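Source: prediction; values computed, not measured. Note that these values count all heavy atoms, side chains included, but never hydrogens, waters or copies made by symmetry.
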Amino acid sequence: MKREIKYIVVHCTATPTTATIEAIKNYWKNNLKWKNNGYHYIIQRDGTVVNITPENQIANGVAGYNQHSIHMSYIGGVDGNNKPIDNRNDLQKEAMFNLIMKLHHRYPNAEIKGHRDFPNVHKACPSFDVKQWLKEYEPSVLQAA
Ligand SMILES: [Zn+2]
């Protein structure tokens with residue numbers, strides 16, 4: 001199935017930073033009874049990007065927009081009291097930036113947004129301002145070389 005991608009969407013898992021991808025997938029399947037994963041990519045604490053859903057398939061990231069979205073999420077996004085916090089480490093920031101650039105190259109017309117930037121979303125996800133961060137972020141020189 002060929003999809004038209006209009007949105008590259010950034011999320012947080014809103015879990016403890018120690019959460020595993022297996023546990024997150026089990027939660028979708030067993031607690032939420034979802035048939036699909038919530039994201040296409042998960043960025044682990046060590047900066048590893050794991051592709052859990054092929055890009056031509058739909059993931060359940062933002063209700064009403066999934067047909068036209070690619071979803072990525074970093075593990076983290078809440079503190080010990082479940083309050084939103086941008087607790088991405090440097091490895092995750094770099095991996096996220098590189099993944100966004102790669103997807104932006106693949107889908108040049110897609111808008112890059114945070115989950116909370118969609119209409120009627122009452123969540124803090126991904127716990128930071130994506131557009132502002134992209135303006136300010138300075139990728140490592142080594143990475144770019
Ligand atoms: Zn989200």
> Would you say Trp34 and Tyr27 make side-chain contact, with heavy atoms under 4.5 Å?
Replying inline: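 No; the side chains remain at least 4.5 Å from each other.
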>> Quick check on the hydrophobic clustering: are Ile58 and Tyr65 connected, directly or via other members, by side-chain heavy-atom contacts under 4.5 Å?
In response: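 No, because Ile58 and Tyr65 fall into different hydrophobic clusters, even though each may have its own neighbours under 4.5 Å.
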> Who are the salt bridge (charged side-chain N to carboxylate O under 4.0 Å, His left out) partners of Asp79, not counting sequence neighbours?
Replying inline: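 For Asp79 there are no salt bridge (charged side-chain N to carboxylate O under 4.0 Å, His left out) partners, ignoring immediate neighbours.
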[X], [atom1]: over 12 other non-hydrogen atoms inside 6.0 angstrom:
{"X": "Lys29", "atom1": "NZ", "answer": "no"}
{"X": "Phe118", "atom1": "CZ", "answer": "yes"}
{"X": "Asp46", "atom1": "CG", "answer": "yes"}
{"X": "Glu138", "atom1": "CD", "answer": "no"}
{"X": "His104", "atom1": "NE2", "answer": "no"}

Side chain of [X], backbone of [Y]: donor and acceptor closer than 3.5 Å?
{"X": "Arg116", "Y": "Val121", "value": "no"}
{"X": "Ser127", "Y": "Asp86", "value": "no"}
{"X": "Ser73", "Y": "Thr13", "value": "yes"}

> Is a salt bridge present between Glu111 and Lys131, judged by a nitrogen-to-oxygen distance below 4.0 Å?
Replying inline: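 Counted as a salt bridge, because a side-chain N and a carboxylate O are separated by less than 4.0 Å.
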> Looking at Glu55 and Arg106, does any basic side-chain N land under 4.0 Å from a carboxylate oxygen?
Replying inline: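 Looking at Glu55 and Arg106, the cut-off is met.
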> Going by atom types only, do Arg45 and Gln92 share a side-chain donor-acceptor pair under 3.5 Å?
Replying inline: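 Per modelled atom types, Arg45 and Gln92 side chains form a pair under 3.5 Å.
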> Under 3.5 Å, is there a donor-acceptor pair between the His71 and Asn37 side chains?
Replying inline: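 Side-chain D/A pair, His71 to Asn37: absent.
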> Residues sharing Met72's hydrophobic cluster, by side-chain heavy-atom contacts under 4.5 Å among ILVMFWY, directly or via others?
Replying inline: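 For the cluster that includes Met72, the remaining residues are Ile5, Ile8, Val10, Tyr41, Ile43, Val49, Ile70, Tyr74, Met96, Phe97, Leu99, Ile100, Met101, Leu103, Tyr107, Ile112, Phe128, Val130, Trp133, Leu134, Tyr137.
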